[in-house]
Amino acid sequence: MERRKSTKLFAKIGIVVLVLLFLLLPGLLRENNLPIGDKSYYHLRMAEGGEDSLSFSGRENVNARGWNFLLKWIPLNVLLFVMGIISLVLFFLILKPLSLTEKILSMGFLIVSPAFIYLFNVGERYGIGILFSLAVFYFLVNKKNILAGVSLVIMFSLDYTMALFVLFLGLLWFFHKKKAVFSGLLILFLIFIFVFGEWKSNFISDLGALIGISIFGLFFIVFCLILFWNKRKFLPLYGVLLGLFLFSLRVEFGIFYFSLFLSVLMALFFVELYKMKWESKLIRDLTFLIVVCGLLFSGLSYVNRLGSGMPSDEIFDALNEIPEGHVVFSDIGYGNWISFNGKKNVWDSFTNVPKFEERRKELMELIDSRDAFRTNEILNKYEVDYILVDSRIREKWGDAGLLYLLRYNSEGFRKVKDEEIEIWRYYK
Amino acid sequence: MHLKKTYKILILIFLIVLATRLYFVFQTPHFENEGYLVKRFVDNILETGNPLVYDQLSYNGREVLYSPLYHYILAFFGLFLGSGLALKLVPSIFISILVFIVYGLSKRLVDNEDLALFIALMSGFIPIVFTETLANASIYTLVIPIMFYLVYLFMDVNNEKKIKKFVFFSFFLSLLHPAALLFSIGLIFYFILASTEGIKIGNLKEELIIFNILSTFFIQFLIYKKAFLEYGLNVIWNNIPFGILGSYFDLDLLSLLYKVGTLVIIFGLVGIIGGIIKKKDKFFLIGGLILSILILLWLRLLSPRIGLMFLSIALVLAAVLALNLFLRYLEKTKIPMYRISFMIIVFGLFILSLVVPTYYYTSRQLNEQVPNDYEILVLNWIKDNSLPDVTVLAPLEFGHVISGVAGKRTVLDSNFLLAPDTSERYEDVKLLYSTKSEVTALELIEKYNIDYIFIPIETELKYGKVKWTDDTNCFKGRFFGTPKVYQVIC
């Protein structure tokens, strides 16, 4: 009895250590104090309020403003950390019907998942979206429907699409006993999956996906599905797994919900597998050790990747040399950093602007074309004043198109900064 | 007493195989192209105690990603023998040990000691294994015996001691080389084959399969994490330049017959079919391995050069059943007195179908793939008479020879994983040797900071004379035989 108690205590302490590690480590590993990724810069800039005159050289602010509002009052790092903790607590509370071992394992698997690490280390609005999703689920499970409704309304101010998805899940929850409505909703969901969006080809973080699941998590789940395919108690869960998997292949934030569910399913499989009769205890222990080490390794590798990710101080130092208000052309992933620095960008990763596809095609043509006339035409159309290029961009764009022209066609271009990060002035 | 005699014969077979290998390997003091890469890795360990992680010479300087376990083992022997001798002797011993493993496996498969000894002898002279692991200190000299030792252990795993051995060698193989995945995939196919035939393989074997698959994949991800992140699933193409990717996985059926042995293929396939018909669990294991290799070859996910090495040994093992059936059949016929004559003819044919191609291909390989004394002399001249950081242009097949012998930087070599712009460099090097335009050549020479142009005879035969080197204002001829060497002076 005493031993059991101490094991539980160790497990709880382990979870606390794990959560602290995975919430703080990416920040500690960074060489600078800059937020990770590019989208958080958009929210940080919009937190100041006012119209967006820099993104796409000026556009309407169409994104939900709730996250920007929070960033105005609370520092990003603090907010992310607190959100991560609250989300985990809510996740734990939602898993009430499970045993303590299953709950602790679910939490452990969630903490080391790349999705969780991304959510609460990168300042995107998805983190707060997931927090409120969990709040809605928690209130629904505890039959506090009004509070669930309030949470859902708040979600609409954070991200419309996530809120709609949670509303759909809520409807499924309410109508799960009315077969006709439930089936209708599921059919609608499947139609949505197959009609809207584009299939994502890479959803595994270890194979290069920015937001994805761990290869070991996937491996473990596939293996357990083969092993327990005929276990009746798991059958409904397989349906949910498939639905969420398809959804995550179509919708960017789907992977977060998929990861939440995956963590629970992995914990259930883990316990089931452990309870199985094993011929060799050595093999059993080694197998579980490898699974745990694999998941940890995957998570740590992702932490390292996020920690060493862009942007760097040098980008902003280079941008500081460009006068405010000018239009800077660079890679799409650099757009939010350009506008954060007070310059206008030509494009950025918030692509919900009118005629984006036309713009994308033209800018891709600009990057790939050696035709000086056409290049000037496109640069003039988007009123570009400066072009920013660094080693990553050089590698991505190749030196066949615009970079070739910058190198060999001195007419119209002048290099104003000749270091690791190059800045070229374009004369119209 | 009888056992002792068998072991004596087995040791004699081992010594015959080893002596034959050493006879060929010491015919030249040099290595094949790949052998020089191994030598540089081993020398680096001997000098610094650490594996080479950043190669200053390859691709004008690049990160290298590999498991250094094999190189540490060779470096250990290099401490006593010197790296040159260790790289020739130790791999030969490793691969010759295969005869013991094949003997053990064959005995388990048919319980016929004489036949097992004969199969062990055959395994020592499979042409493709013999030639591909001869003068290049190939890592497969260790990978192949360990993989088949794992098959041996797995076949009759029934106690804790064998489980521990299996666990140890599973880890060892995974740490050694990604070819460990081949064994894991083979186990998966074994499981599928056995399940479809309704054969119960037992819980312990199922557990071992699970463990092996998980541990192998985990270790590969641990070692090659960076490559997986960089290339995603395309890592299976190993960053091979597009220019050679098309032909890299081509399987030539005629050379398959020669290099594996016609009779080995025939008897091997008969053995597998016989094993499956008779529902022999142990043959399902060999069958799973063969099936996995064939499917990977068919899907062009495995280089034929490597796949055929494993396939040939698996087929030799499978052939044991066919030969055993053949012998039993002879016993049942009305002509048992001719049994010995039949056996001598069949075994003689086997030896002929293996030993003759082995001798032919080995001699050819040593002549064509190992640089000759003059080429080494030229490279030693470059080593002694040029600045330390010069770059030498050489075709892909000479990349490691240049960096290994001359100790100079190269534009490209065959270690593609994580190498920069392999496709572009491959095309540029091809263009440099084939272009008639000096302007194009100079542009590329500037792009890669090339100081010396190395033109082996094979390249001249392939692309014709390299015309732009005629400009004496820009290129100073240093050697005019085979190979030619020019120094860039403009």
Side-chain angles (χ1 to χ4, degrees), chain A residues 114 200-210 212 214-224 226-227 273 276-306 308-309 391 394-396 398-400 404 407-408, chain B residues 153-154 157-168 170-171 174 181 184 187-188 191-192 195 200-236 420-421 423-424 427-428 443 446-447:
Chain A
K200 235 191 290 176
S201 57
N202 193 356
F203 59 94
I204 301 169
S205 64
D206 302 273
L207 297 183
L210 177 63
S214 149
I215 184 107
F216 287 97
L218 186 72
F219 208 71
F220 181 67
I221 280 290
V222 170
F223 161 71
C224 289
I226 295 167
L227 205 68
L273 207 61
M276 255 174 54
K277 189 181 170 290
W278 287 72
E279 292 277 328
S280 166
K281 281 196 175 149
L282 174 75
I283 293 295
R284 181 195 69 184
D285 295 344
L286 280 172
T287 304
F288 283 111
L289 185 70
I290 288 166
V291 170
V292 171
C293 285
L295 290 168
L296 259 176
F297 158 75
S298 214
L300 284 171
S301 151
Y302 190 70
V303 162
N304 186 36
R305 203 171 128 205
L306 274 190
S308 56
S391 57
R394 272 192 288 272
E395 198 177 309
K396 188 177 171 187
D399 53 6
Y404 179 88
R407 202 164 140 200
Y408 295 111
Chain B
L153 287 172
F154 186 81
V157 65
N158 50 15
N159 59 40
E160 199 68 10
K161 199 179 161 191
K162 283 182 183 170
I163 292 170
K164 279 179 183 165
K165 271 189 190 172
F166 183 85
V167 167
F168 174 78
S170 278
F171 276 127
S174 303
L181 289 168
S184 303
L187 288 180
I188 295 172
F191 179 75
I192 294 169
S195 303
K200 288 222 176 259
I201 62 169
N203 285 349
L204 183 60
K205 280 191 178 172
E206 281 179 7
E207 288 165 18
L208 288 176
I209 292 174
I210 293 165
F211 162 76
N212 179 271
I213 294 167
L214 285 174
S215 65
T216 307
F217 276 84
F218 173 62
I219 291 172
Q220 297 317 310
F221 269 97
L222 206 63
I223 299 172
Y224 298 100
K225 180 191 87 176
K226 205 162 187 183
F228 278 106
L229 269 179
E230 181 92 20
Y231 309 119
L233 278 179
N234 289 333
V235 74
I236 48 174
D421 316 315
S423 296
E424 190 184 329
E427 291 304 325
D428 285 347
E443 209 173 272
E446 193 206 339
K447 184 176 174 184

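Chain letters run A, B, ... following the sequence lines, proteins first, then strands; residues in each count from 1.
Rounding to the nearest 0.5 Å places OG of S215(B) at 8.5 Å from CD1 of I283(A). In this structure, the separation between CZ on F219(A) and CZ on F221(B) is 8.0 Å, given to the nearest 0.5 Å.
The environment of CD in E395(A) is sparse: at most 12 heavy-atom neighbours from other residues, nucleotides or ligands sit within 6.0 Å. For K164(B), the NZ atom sits in a loose shell: 12 or fewer heavy atoms of surrounding residues, nucleotides or ligands are nearer than 6.0 Å. The number of heavy-atom neighbours closer than 6.0 Å to CD1 of I192(B), taken from other residues, nucleotides and ligands shown, is above 12.
Contacts of F220(A) with chain B are absent, with no heavy-atom separation under 4.5 Å from either backbone or side chain. No part of E206(B) comes within reach of chain A, as not one of its non-hydrogen atoms sits under 4.5 angstrom from that chain. Looking at F166(B), there are no atoms closer than 4.5 Å to chain A (heavy atoms on both sides), in backbone or side chain. Interface remark: F171(B) contributes side-chain atoms only to the contact with chain A (heavy atom separation under 4.5 Å). Interface remark: L222(B) contributes backbone and side-chain atoms alike to the contact with chain A (heavy atom separation under 4.5 Å). For I215(A), the part lying under 4.5 angstrom from a heavy atom of chain B is the side chain only.
Using bins of under 30°, 30° to 60° and over 60° for the plane-to-plane angle, the ring pair F218(B)/F216(A) lands in the perpendicular bin.
Nearest heavy-atom pair, S280(A) versus L204(B), reported as atom, atom and distance to 0.1 Å: CB-CD1, 3.8 Å.
Listed in order of number, the residues of residues 296-305 of chain A that approach chain B to under 4.5 Å between heavy atoms are F297(A), S301(A), N304(A), R305(A). Contacts of residues 207-214 of chain B with chain A at a heavy-atom distance below 4.5 Å involve E207(B), L208(B), I210(B), F211(B), I213(B), L214(B), listed in sequence order.
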